[in-house]
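Worksheet for the structure shown next.
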Amino acid sequence: MTKLLSMNRRNFLQTSAAAALAGAAPGLLSSRALAQSALTVGFIYVGPKDDYGYNQAHAEGAAAVKALPGVTVVEEENVPETVDVQKTMESMINLDGAALLFPTSFGYFDPHMLAMAAKYPDTQFRHCGGLWQEGKHPANTGSYFGYIFQGQYLNGIAAGHATKSKKIGFVAAKPIPQVLQNINAFLLGARTVDPTIACQVIFTGEWSLAVKEAEATNALVDQGADVITCHVDSPKVVVETAAGRGAFVCGYHANQSPLAPEKYLTGAEWAWGNVYSDFVKKAQAGEKLGNFVRGGLKDGFVKMSALGPGVSEAGRKAFEATHTEMMKGGFSVFKGPLKDNKGGTVVTADKSYAEDAIELESMNYLLEGVVGSTA
């Protein structure tokens with residue numbers, strides 16, 4: 001069952017009636033436990049739910065939760081990474097009785113989610129990303145994320161078989177570890193096909209900035225890149241711009257193949273429905289929710305878009321063979337020797353990282369073969 005309010009939640013608590021409710025609710029709600037079959041779950045998105053990207057992937061996960069028995073889902077989209085998200089969380093708790101909240105955007109965590117977690121210790125909060133730390137953050141908070149760089153590695157294999165120029169391009173928002181993982185994995189996948197392939201990356205500086213994303217995509221194509229992927233909130237602009245210039249594209253976050261059916265090779269997608277459903281089922285059963293939850297392809301956290309018509313037979317075979325190995329578990333995308341693009345050794349010859357290596361969450365380098373610039 002889904003309960004969507006037509007009014008703006010962020011304005012609700014500003015009314016006197018809501019303020020009275022907010023004052024009374026903590027005492028009324030303090031005895032509420034997660035160990036109940038009926039559960040209200042809140043999802044908060046920084047952008048629109050149909051953005052063909054980050055927010056749509058989470059909304060698709062929320063849709064899977066709606067199908068579970070005894071669950072009410074409340075949602076709000078287009079919530080900025082400001083105090084507005086605190087107001088949204090507070091109204092979901094006090095107005096809707098939400099006992100489990102998923103504020104999905106990176107910037108919601110600190111200080112916003114942490115402030116609400118301290119104020120409402122009986123409510124569980126789980127954040128998408130790698131920011132939660134044991135011993136530092138409240139026990140009623142946690143993080144979840146997936147090893148989607150595995151998907152970008154597979155994107156790279158498809159790209160490596162499709163490129164004629166031996167130049168592939170990446171439009172990225174910010175140089176944080178998760179983004180750097182994806183860029184590096186994309187190159188490594190392509191270099192399994194041809195070790196001379198180079199990757200040009202342009203950082204826009206923002207998660208969602210359509211003008212800069214279009215400019216970056218055009219600049220990459222102008223520099224010779226004939227396969228493009230990205231890590232921004234909504235890949236829609238990148239996909240449509242690249243395809244319009246005649247380049248192949250690899251998707252990210254969700255399935256963008258309808259935007260460029262002939263040029264879409266494949267894409268790294270989130271499978272949040274599995275992750276959210278697991279959280280909710282545990283909450284309904286009264287089980288402890290994990291504070292640090294991770295998984296990859298084999299765990300059902302990540303999936304791949306279907307291969308498009310631009311993938312050659314050789315590319316299809318290479319893609320499927322590697323995908324099969326990844327599904328067995330223990331596959332190492334990052335294995336030495338590897339140097340960064342400044343010439344320093346970052347992974348020695350005797351070392352490799354399996355998909356569950358925590359060290360990858362602090363990756364702060366671009367590999368040799370990646371050239372980065374700012375839009």
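In this text, all values refer to a predicted model and were calculated from it rather than measured experimentally.
Val193 and Phe170 fall into different hydrophobic clusters, where Ile, Leu, Val, Met, Phe, Trp and Tyr side chains are chained together by heavy-atom contacts under 4.5 Å. In the hydrophobic cluster analysis, where Ile, Leu, Val, Met, Phe, Trp and Tyr join through side-chain heavy atoms closer than 4.5 angstrom, Val371 is grouped apart from Ile202. Grouping the Ile, Leu, Val, Met, Phe, Trp and Tyr side chains by contacts below 4.5 angstrom, directly or via other members, places Val83 apart from Ile44. Residue Val221 is not grouped with residue Ile183 when hydrophobic side chains (ILVMFWY) are merged at heavy-atom distances under 4.5 angstrom, including chains of intermediate members. Under a hydrophobic-cluster definition in which Ile, Leu, Val, Met, Phe, Trp and Tyr are linked whenever side-chain heavy atoms come within less than 4.5 Å, directly or via other members, Val370 and Ile228 are assigned to different clusters.
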Verdict with reasoning, Glu213 to Thr204, per side chain to side chain donor-acceptor pair (under 3.5 Å): CA-CA 7 Å; Glu213 290 161 11; Thr204 66; 5.2 Å; no

Verdict with supporting geometry, Val179 and Lys174, side-chain contact (heavy atoms from CB on, under 4.5 Å): CA-CA 7 Å; Val179 177; Lys174 301 181 181 184; 5.5 Å; no

Check against side-chain contact (heavy atoms from CB on, under 4.5 Å), Val201 and Ser373: CA-CA 6 Å; Val201 56; Ser373 60; over 6 Å; no

Working for salt bridge (charged side-chain N to carboxylate O under 4.0 Å, His left out), residues Lys328 and Glu325: CA-CA 5 Å; Lys328 295 177 182 178; Glu325 288 303 306; 3.0 Å; yes

Stepwise side-chain contact (heavy atoms from CB on, under 4.5 Å) test for Asn184 and Leu187: CA-CA 5 Å; Asn184 291 333; Leu187 173 71; 5.8 Å; no

Ile197/Ile168 under side-chain contact (heavy atoms from CB on, under 4.5 Å): CA gap, chis, key distance, verdict: CA-CA 7 Å; Ile197 290 174; Ile168 57 178; 4.0 Å; yes

Worked check of side chain to side chain donor-acceptor pair (under 3.5 Å) between Tyr120 and Asn94: CA-CA 10 Å; Tyr120 297 99; Asn94 290 325; 3.0 Å; yes

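In this structure, Thr123 and Leu100 have side chains that are not in contact, with every pair of non-hydrogen atoms separated by 4.5 Å or more. For the pair Tyr353 and Val333, the minimum side-chain heavy-atom distance is 4.5 Å or more. The shortest distance between side-chain heavy atoms of Lys281 and Glu287 does not fall below 4.5 Å. In this structure the side chain of Ile93 reaches within 4.5 angstrom of the side chain of Leu101, judged on heavy atoms. Under the 4.5 Å side-chain criterion, counting only non-hydrogen atoms from C-beta, Ser305 is not in contact with Ser257. Taking 4.5 Å as the limit, some side-chain heavy atom of Leu366 sits within range of a side-chain heavy atom of Leu180. With contacts defined as side-chain heavy-atom distances shorter than 4.5 Å, the pair Lys167/Asp226 does not qualify. In this structure, Val347 and Lys339 have side chains that are not in contact, with every pair of non-hydrogen atoms separated by 4.5 Å or more.
When the options Phe331, Phe334, Phe186 are evaluated for a ring pair (Phe, Tyr, Trp, His ring centres under 6.0 Å) with Phe149, the one that passes is Phe334. Just one of Asp233, Asn78, Val79 meets the side chain to side chain contact (heavy atoms under 4.5 Å, CB included) condition when paired with Val46; it is Asp233. Of the residues Phe109, Trp270, Phe292, the one that meets the ring pair (Phe, Tyr, Trp, His ring centres under 6.0 Å) test with Phe145 is Trp270.
Distance OG1/Thr229 to CD/Gln256: 8.0 Å, rounded to 0.5 Å. Summarising the geometry, atom CG belonging to Asn182 is positioned 11.0 Å from atom CD belonging to Gln150; distances are rounded to the nearest 0.5 Å. In this structure, Gln181 CD and Ser362 OG are separated by 9.0 Å, a value rounded to the nearest 0.5 Å. Here the CD1 atom belonging to Ile176 is positioned 10.0 Å from the CZ atom belonging to Phe203, to the nearest 0.5 angstrom. Atom NE2 of residue His323 and atom CG of residue Leu307 lie 9.5 Å apart, to the nearest 0.5 angstrom.
No donor-acceptor distance shorter than 3.5 angstrom exists from the side chain of Gln200 to the backbone of Leu220, with no hydrogens or angles considered. His253 places a side-chain N or O within donor-acceptor distance of the main-chain N or O of Val232, the cut-off being under 3.5 Å. In this structure a side-chain-to-backbone donor-acceptor pair under 3.5 Å is missing from Asp340 to Leu367. At distances below 3.5 Å, not a single donor-acceptor pair connects side-chain atoms of Asn140 with backbone N or O atoms of Gln124. A donor-acceptor pair is defined here as one N or O able to donate and one able to accept, closer than 3.5 Å; no such pair exists between the side chain of Asn155 and the backbone of Ala185. Listed for the Glu60 side chain is no donor-acceptor partner under 3.5 Å among the backbone atoms of Ala271. Checking side-chain atoms of Glu77 against main-chain N and O of Lys49 turns up a donor-acceptor pair under 3.5 Å. For the pair Thr141 (side chain) and Pro138 (backbone), a donor-acceptor distance under 3.5 Å is present. Formation of a donor-acceptor pair under 3.5 Å by the Arg294 side chain with backbone atoms of Tyr147 is not found in this model. Although no hydrogens or angles enter the test, the distance criterion places no donor-acceptor pair under 3.5 Å between the side chain of Glu75 and the main chain of Val73.
For Phe279 and Trp272, the gap between ring centers reaches or exceeds 6.0 Å. Aromatic ring centroids of Tyr276 and Phe43 lie under 6.0 Å apart.
Summarising the geometry of Phe248 relative to Gly310, their closest heavy-atom pair is CE2-CA, 3.8 Å, with the distance given to 0.1 Å. Closest approach of Leu39 and Ala99 over heavy atoms only: CD1-CB, 3.9 Å. Taking every heavy atom of both residues into account, Ala243 and Ala260 meet most closely at CB-CB, 3.6 Å. Scanning all heavy atoms of the two residues, the minimum distance from Gln86 to Ala115 falls at OE1-CB, 4.0 Å. Here the closest heavy-atom approach between residue Met113 and residue Gly142 is recorded as CE-O, 4.3 Å. Nearest approach of Cys250 to Leu265, heavy atoms of both residues: SG-CD1, 4.0 Å.
By the 30° and 60° cut-offs, the orientation of the rings of Phe106 relative to His127 is tilted. The aromatic rings of Tyr144 and Phe102 lie perpendicular to each other, with more than 60° between the two planes, well past the 30° mark. Between His231 and Tyr252, the ring planes are tilted. Angles from 30° to 60° get that label.
Lys236 and Asp51 are not joined by a salt bridge, as no carboxylate oxygen comes within less than 4.0 angstrom of a charged side-chain nitrogen. A salt bridge links Asp222 with Arg245; the closest basic N to acidic carboxylate O contact falls under 4.0 Å.
No side-chain donor-acceptor contact under 3.5 Å links Tyr45 and Glu76. Side-chain atoms of Ser234 and Tyr54 include no donor-acceptor pair closer than 3.5 Å. In the model, Thr40 has no side-chain atom that pairs as donor or acceptor with a side-chain atom of Asp96 under 3.5 Å.
Stacking of Lys298 on the aromatic ring of Phe301 is not recorded, the 6.0 Å distance cut-off and the 45° axial limit not both being met.
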